[in-house]
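The sequence lines fix the lettering, A, B, ..., with proteins before strands; numbering per chain opens at 1. Remember, it's a predicted structure, so these values are computed and weren't measured experimentally.
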Protein chains: 2
Amino acid sequence: MTGRQVPPGPVGADDRAPGTTPGQPLPAATVARLPGYLHALDAVRGAGAALVTSERLAQAAGVTPAQLRKDLSFLGSYGRRGVGYDVDHLAGRIAAVLGVATTRAVVVVGVGHLGHALATYGGFAERGFTLAGLVDADPAVIGTRVGGLVVEPPAALMALVMRTGATIGVVATPAHAAQDAADALVASGVTGILTFAPRALRVPPNVEVRAVDVASELQILAFHASRHA
Amino acid sequence: MTGRQVPPGPVGADDRAPGTTPGQPLPAATVARLPGYLHALDAVRGAGAALVTSERLAQAAGVTPAQLRKDLSFLGSYGRRGVGYDVDHLAGRIAAVLGVATTRAVVVVGVGHLGHALATYGGFAERGFTLAGLVDADPAVIGTRVGGLVVEPPAALMALVMRTGATIGVVATPAHAAQDAADALVASGVTGILTFAPRALRVPPNVEVRAVDVASELQILAFHASRHA
DNA sequence: TAGATTGTTAATCGATTAACAATC
DNA sequence: TAGATTGTTAATCGATTAACAATC
């Protein structure tokens, strides 16, 4: 109904409604870099700056200024020409787009050394997450206190997710237990899974999976090492 | 789990010498998928198949057949039209290209829970790696036995790398110690670093770094979760 | 204003997909 | 051979880079 065509006159008028989620879909490559920008903004803020240029922020994030500005342009126009970006404001916008403007609850399945490392990692809170629960199948582990939480049995997972409102689950089990862990997480209602098990997980299409496979990372490094050494 | 096999004798038609670099440079996206193909080949072999089609292997690896064939075409012509790929031979070729045809030594710096998890992870050997040494700065940790290895002090790192021929180092320290750990690894001669610390590492251009940042992974999942829920 | 820096455009580059001729 | 499947080509798609007009 409302004319979408742009009259061939003076361009540059920004009619986009500010403050809302962008209409265009964000490129996946851009989304993947946003956490780095957020982290870089924290570092800049820690250094005491209230404003930052694309030049400086790009350097802190390890990208080019052109790429940074291009990425940010997908979120809207939050900078000021000739000045730069307001650190707090931009951080707030990126956090909102990422969905971590408010803290998100995360549950961890599998409390071996890796789960332990995750549970005692102190950096989650400042990145928008709170560890809401730990689950393990080993009777020797259930009931123990790890990182301020008591490890619960698998049967308690669904109640745990419902009680805490967790939307993301982490699979830190041995490989052979990973699919069961994922199934349980899906059944309990999480919509995102981060797995460290070297196994392809089958999940419904509405559940997003990201996999960290240490051996694969090492093999990619080996490729480069074998050409360079 | 079946052990990874070293390329057998002269099986294929146009064998190049193992370890030689291909004519054209491999696309980075292709290199990043090769570990998945190698892993999928192990699964196929475990199922007892000596031959595999691009259709089946692609499914096991979670890509399309077209993408798999395109990727493999960069390595050379190792399939047989109308037949498929010889599982052992193809695995050998991919392992050679990745530089894991022979076992590579890896050293881990930082033996907290994460380093512990890495040290006791049993899956390295079958993916082409051997854990050659553990280093930590904590006097309470030095000298303890973890995963069959005695934890050594930072001062022993260079001798360790030289003795074992390690080419890859893993940084599993707290964030504040990560740059020092990376510097020490670079000084000792490794050419690849896998870091789990949420810090940008400064390394010389000849050293390759791959970073796994758990909080960033969670934030990317949060982005999708916030659109879906 | 004069200088600085963004936001955007256009060009380049790289990766993916689809289709099919080659060939086992 | 006839059927099957690869390897390759061409088309499409997406991402990066460079440059500069807009504008603070």
Between [X] (side chain) and [Y] (backbone), is there a donor-acceptor pair under 3.5 Å?
X	Y	result
A:E217	B:V212	no
A:S226	A:A222	yes
B:H113	A:G115	no
A:R93	A:Y78	no

Atom-pair distance ([atom1] on [X]; [atom2] on [N]), nearest Å:
X	N	atom1	atom2	result
A:Y78	D:dC24	OH	C1'	19 Å
A:L68	D:dA15	CG	P	17 Å
A:L72	C:dT6	CG	P	9 Å
A:H89	C:dT6	NE2	P	16 Å
A:L34	D:dA15	CG	P	13 Å
B:D71	C:dT16	CG	P	7 Å
A:D86	C:dT5	CG	P	16 Å
A:L26	D:dA15	CG	P	11 Å

Residue whose closest nucleotide on DNA chain C lies nearer the 5' end, A:A66 versus A:V83
A:V83
Which pair of heavy atoms, one from A:A215 and one from B:F129, lies closest together, and at what distance?
O-CE1, 3.9 Å
Any donor-acceptor pair, under 3.5 Å, between the side chain of A:R81 and the base of C:dT6, if you only look at N and O atoms?
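Per atom types, the contact qualifies.
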Closest to the A:R69 side chain: C:dT16, C:dT6, D:dT16?
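Taking heavy atoms from C-beta onward, the closest nucleotide is C:dT6.
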For the side chain of A:Q67, counting heavy atoms from C-beta on, which of C:dT8, C:dT17, D:dT17 is nearest?
D:dT17
Intermediate values then yes/no, side-chain hydrogen bond (donor to acceptor under 3.5 Å, both in side chains), A:R127 and B:S216:
CA-CA 8 Å; A:R127 309 273 301 265; B:S216 290; 2.9 Å; yes
Hey, does the side chain of B:S54 come within less than 4.0 Å of D:dT6's phosphate (OP1/OP2), counting only N and O?
yes
For D:dG7, take OP1 and OP2 only and decide whether either is under 4.0 Å from a side-chain N or O of B:Y85.
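So the side-chain polar atoms of B:Y85 do come within 4.0 Å of the phosphate oxygens OP1 or OP2 of D:dG7, strictly under.
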In terms of the nearest nucleotide of DNA chain D, which residue is placed more toward the 5' end: A:A29 or B:S73?
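Closer to the 5' end of DNA chain D: B:S73.
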Taking the nucleotide of DNA chain D with the nearest heavy atom to each, does A:G82 or A:K70 sit closer to the 5' end?
A:K70
Which part of the nucleic acid, if any, lies within contact of B:R33, taking any heavy atom under 4.0 Å across all strands shown: a base, the sugar-phosphate backbone alone, or nothing?
sugar-phosphate
Using a heavy-atom cut-off of under 4.0 Å over every strand shown, decide if A:R80 touches base, sugar-phosphate, or nothing.
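Since only primed, P, OP1 and OP2 atoms lie under 4.0 Å of A:R80, the category is sugar-phosphate.
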Once side-chain hydrogen bond (donor to acceptor under 3.5 Å, both in side chains) is applied, do any residues pair with A:T53, and if so which ones, sequence neighbours excluded?
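Result, side-chain hydrogen bond (donor to acceptor under 3.5 Å, both in side chains) vs A:T53: none returned.
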In which stems does DNA chain D show up, taking only runs of three or more Watson-Crick or G-U wobble pairs whose two distances fall under 3.5 Å?
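Paired runs of 3+ in DNA chain D: C:3-24 with D:3-24.
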Consider only side-chain N and O atoms of A:D71 and A:Q67, and report whether a donor and an acceptor are under 3.5 Å apart.
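No - no donor-acceptor pair under 3.5 Å links their side chains.
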